[in-house]
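Below is one structure; the comments refer to it alone.
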Amino acid sequence: MGQKKMKIANPWTAIVDGENIAKCDKDKFPKNKSAQQYADDINGKNSEIALTFDCLPDPFNGNPECKVYCLSKNPGKPDACFKGDIAFEKATIANLQLKSKSCFWAEKILNKSGKPHEGVNWLDKRTKELEKILGSRPDIFFIEFFPYHSSKGFYFPSRLPSYNFTDELIKQAMQENKMIIIMRERGRWLKRIDGLADYPNLYILKSPRSGYLTPKNIVRLDGKGISDDEIKKYFKL
């Protein structure tokens, strides 16, 4: 799909480090406010949530050609050990341009000191059981509801124009009968994507807070579980 003609242009292709808000979203974030002021306005004064635009956004992660899409909430706090890391920034830009051949974190990204990115550890823990079943790492494309980083789960109260492109990716996946797993924000995702509630290959996490992608935690809306054969059908590279 990364090579297919999309109805909506990718708003992230022109983004560069230092200019970390998509051009189409800039009207939603006037320069007279800091990122923290937005968080305070939405979540109350002295909000515990720290929103930041000091790093490249993470609206999605991986290769959209894969057969499993996981819909999450928003990228977390940036890993400070990778701030200013040129190789990491180049890899992030390639991901924004949909040029990644696998999930960003599955590539075992290390900084100059040999430390793995926090995202690598996050993915390893949550896909460990799938890897045992498959005999290899699972192939997953992640999409975030809100594309900009924050220290805790963050919900922006109005629709961002950049959502149009990620929504189109999800609709294309539905047309191609891919597996879609809502990891977080089930209600908001079902409201945001027309037809998703009735999509036959839709799954959710029984325990969304943990975020673990295990056979016991991946279920349909009616609670029916997933078989090992289904896991092998969709997650295998």
Side-chain angles (χ1 to χ4, degrees), residues 10-26 28-31 33-44 46-63 70-100 102-127 140-157 160 162-163 165-166 183-185 208-213:
N10 183 352
W12 308 105
T13 54
I15 208 163
V16 294
D17 195 36
E19 188 68 36
N20 299 323
I21 299 176
K23 186 177 180 181
C24 61
D25 289 343
K26 284 186 176 180
K28 297 287 186 177
F29 303 104
K31 289 186 177 181
K33 282 189 179 182
S34 68
Q36 189 55 49
Q37 283 176 315
Y38 289 113
D40 290 347
D41 288 349
I42 295 164
N43 295 280
N46 302 314
S47 171
E48 293 181 0
I49 296 173
L51 177 65
T52 180
F53 301 122
D54 292 337
C55 60
L56 289 162
D58 192 11
F60 40 71
N61 191 320
N63 181 357
C70 283
L71 311 185
S72 193
K73 189 170 186 177
N74 64 284
K77 184 180 178 180
D79 189 335
C81 292
F82 283 78
K83 186 173 179 61
D85 187 295
I86 295 175
F88 176 70
E89 289 170 2
K90 286 183 177 178
T92 305
I93 290 172
N95 180 66
L96 291 169
Q97 296 171 342
L98 293 176
K99 294 180 179 178
S100 295
S102 64
C103 175
F104 200 38
W105 312 126
E107 296 174 10
K108 309 294 182 185
I109 301 169
L110 306 176
N111 65 7
K112 291 180 180 179
S113 301
K115 179 186 180 296
H117 193 284
E118 291 174 357
V120 173
N121 298 328
W122 181 89
L123 184 67
D124 282 350
K125 289 179 181 178
R126 282 155 181 79
T127 60
I140 304 169
F141 184 63
F142 291 92
I143 291 181
E144 304 287 354
F145 195 97
F146 181 76
Y148 303 103
H149 291 265
S150 65
S151 59
K152 294 183 179 180
F154 183 84
Y155 174 65
F156 194 70
L160 294 177
S162 61
Y163 289 177
F165 181 72
T166 45
M183 297 181 70
R184 303 286 297 276
E185 297 297 318
R209 283 197 169 198
S210 68
Y212 283 85
L213 294 165

Test F29 against L160 for side chain to side chain contact (heavy atoms under 4.5 Å, CB included), laying out the working first. CA-CA 10 Å; F29 303 104; L160 294 177; 3.9 Å; yes
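- The closest side-chain heavy-atom distance from T13 to F165 is not below 4.5 Å.
- When all heavy atoms of K125 and Y212 are compared, the pair lying nearest together is O-CE2, 3.2 Å.
- To the nearest 0.5 Å, atom CZ of residue R126 and atom CG of residue N121 are 10.0 Å apart.
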Can you give the donor-acceptor pairs under 3.5 Å from side chains of residues 73-88 to other protein atoms, not counting sequence neighbours?
{"from": "K73", "atom 1": "NZ", "to": "E185", "atom 2": "OE2", "distance (Å)": "3.2"}
{"from": "N74", "atom 1": "OD1", "to": "F154", "atom 2": "N", "distance (Å)": "2.9"}
{"from": "N74", "atom 1": "ND2", "to": "S150", "atom 2": "OG", "distance (Å)": "2.7"}
{"from": "D79", "atom 1": "OD1", "to": "C81", "atom 2": "N", "distance (Å)": "3.0"}
{"from": "D79", "atom 1": "OD2", "to": "E118", "atom 2": "N", "distance (Å)": "2.9"}
{"from": "D85", "atom 1": "OD1", "to": "A87", "atom 2": "N", "distance (Å)": "3.2"}
{"from": "D85", "atom 1": "OD1", "to": "F88", "atom 2": "N", "distance (Å)": "2.9"}

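- Aromatic pair F146/Y163: ring centres not closer than 6.0 Å.
- Nearest heavy-atom pair across S72 and R184 is OG-CG, 3.9 Å.
- Once rounded to the nearest 0.5 Å, the distance linking CH2 of W122 with OG1 of T127 reads 8.5 Å.
- Atom CG in D25 sits 9.0 Å away from atom CZ in F53 (nearest 0.5 Å).
- Atom NZ of K90 is separated from atom CD1 of I93 by 9.0 Å, given to the nearest 0.5 angstrom.
- Taking each heavy atom of M183 and C70 in turn, the nearest pair found is SD-CB, 3.6 Å.
- Across all non-hydrogen atoms, the minimal contact from S100 to N63 is O-CB, 3.3 Å.
- Here the CZ atom belonging to F142 is positioned 11.5 Å from the CG atom belonging to N95, to the nearest 0.5 angstrom.
- When N20, T52, I21, L56 are each tested for a side chain to side chain contact (heavy atoms under 4.5 Å, CB included) with Y148, only one passes: I21.
- Interatomic distance, N61 CG to I140 CD1, rounded to the nearest 0.5 Å: 10.0 Å.
- Summarising the geometry of H149 relative to C55, their closest heavy-atom pair is CD2-SG, 3.4 Å, with the distance given to 0.1 Å.
- P11 and A22 make their closest contact through O-CB, 4.1 Å (heavy atoms, listed as atom of the first residue, atom of the second, distance).
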